[in-house]
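Heads up: the structure comes next, in structure tokens.
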Protein chains: 2
Amino acid sequence: MPEAFDLESFLPYRLNRAAELISLSFSREYKQRFQMTRPEWRALAALGSVGRMTATEIGTHSNMHKTKVSRAVAALEERRWLKRRENEADRRVEHLELTAAGQKAYREIADLARTYQQTLDKALGPGAIERIEAGLADVERALLNRPRKRG
Amino acid sequence: MPEAFDLESFLPYRLNRAAELISLSFSREYKQRFQMTRPEWRALAALGSVGRMTATEIGTHSNMHKTKVSRAVAALEERRWLKRRENEADRRVEHLELTAAGQKAYREIADLARTYQQTLDKALGPGAIERIEAGLADVERALLNRPRKRG
DNA sequence: AATCAATGGTTACACTTGCAACCATCTCGA
DNA sequence: TCGAGATGGTTGCAAGTGTAACCATTGATT
């Protein structure tokens, strides 16, 4: 039986290290410029690209805990970047959509993101990002296919 | 100029989503079984695989903030899984090493990790993990080569 | 030797987070 | 129509986190 264990090739560790690094590197770009947290940026991005959504949908889409979504949405609303519309058929649900100001902010940060990714793309060479993302999709699929591990 | 921005293919987002998912999935395995936080597991793993290290070295090795390392080390010490040895040449430095109990715990969790990765490996097919990790290494290299982005 | 900057490590504080508990509303079945 | 459970969303609380400030020690400069 193999006694050795190399942290350096343990996927959860490697994935987290890379994610923290890239996340920090990109968030530096918008945090100071837009005074926005990462959950807020995620919610904004989801709404900006998909359009009208509910809080639960945002959570599913971007894999965020519902309390995180709740707080991010409250912050965006506070800034008048988003407004809530009630659903007449089901009054528990709130449809969320960006205001004009919210859409403007979204476009600006999306620009930043696009530029960021282009720079990275150039540094990594053609097709590299797509290959990485395909790998990540496989991992997510593998993990979500066995959602609970006998709790 | 391209107006579209697809969050779904934005690397920082994708990387983070996958990392959070896998991290959650694995930490469920050891959190309840060993009552250990992620920084503690990382420090334990670093010490277990490398051997004697200082706190700063652990931080560099596993990309953890020094306060995180400090607290993780304190927790491991509290459990008697680690002991500090002073350096006579430089009395600021503390060399850290696992106790027998710490090594035992390390072996057990390393086993868990190895099993986890094998399961994943089987689900993903041969070579998949290696390819993903190679991609991640490229990303890290690209990001670390331009460490500061004009603050 | 005295001073000042750099380094290893810890800690106080404010902020973020997840869990659990909660409120409101809806659905289903008796 | 009444209740039990499910669902959308919010909040209190305890735990985790980074920033900045700190202490101790070392190294370089004078």
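A note on names: the letters A, B, ... follow the listed sequences, proteins ahead of strands, and every chain is numbered from 1.
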So B/Asn16 and B/Glu20, do their side chains get closer than 4.5 Å, heavy atoms only? yes
With salt bridge (Lys or Arg N to Asp or Glu O under 4.0 Å) as the rule and sequence neighbours excluded, what pairs involving residues 119-132 of chain B come up? none
salt_bridge(B/Glu77, B/Arg84) N-O dist < 4.0 Å: yes
Between A/Arg17 and B/Ser62, is there a donor-acceptor pair closer than 3.5 Å when you use the side chain of the first and the backbone of the second? no
In whole angstroms, how far is the C1' atom of D/dG8 from the CZ atom of A/Arg84? 12 Å
Under-4.0 Å side-chain N/O to phosphate OP1/OP2 contact, A/Arg38 with D/dT17: no
Go through C/dT10, C/dG8, D/dG8 for me and flag the one nearest to the B/Ser70 side chain. C/dT10
Could you tell me whether B/Arg52 atom CZ has more than 12 heavy atoms of other residues or ligands within 6.0 Å of it? yes
salt_bridge(A/Arg91, A/Glu86) N-O dist < 4.0 Å: no
Taking atom P of C/dT10 as reference, at what distance in whole Å does atom CD of B/Glu77 sit? 9 Å
Main chain of B/Ser9, side chain of A/Gln117: is a donor-acceptor contact present, judged purely on distance under 3.5 Å? yes
What is the distance, to the nearest angstrom, from the CZ atom on B/Arg42 to the C1' atom on D/dT17? 13 Å
Looking at A/Arg91, I'd like to know whether one of its side-chain N or O atoms comes within less than 4.0 Å of OP1 or OP2 on C/dC23. no
Would you tabulate the nitrogen or oxygen pairs shorter than 3.5 Å linking the protein to nucleotides 19-21 of chain D?
none

Comparing B/Thr54 with A/Arg92, nearest DNA chain C nucleotide closer to 5' gives the residue B/Thr54
By nearest heavy atom, map A/Thr56 and B/Thr37 onto DNA chain D; which one lands nearer the 5' end? A/Thr56
Strictly below 4.0 Å, N to O, side chains only: are A/Arg85 and A/Glu94 in salt-bridge contact? no
Between the side chain of A/Glu57 and the main-chain N/O of A/Thr54, is any donor-acceptor distance below 3.5 Å? yes
Figure out the NZ/C1' separation between B/Lys68 and C/dC15, and round it to whole Å. 15 Å
Which angle, rounded to 10°, do you find between the first-five-pair axis and the last-five-pair axis of the helix from C/dA1-D/dT30 to C/dA30-D/dT1? 10°
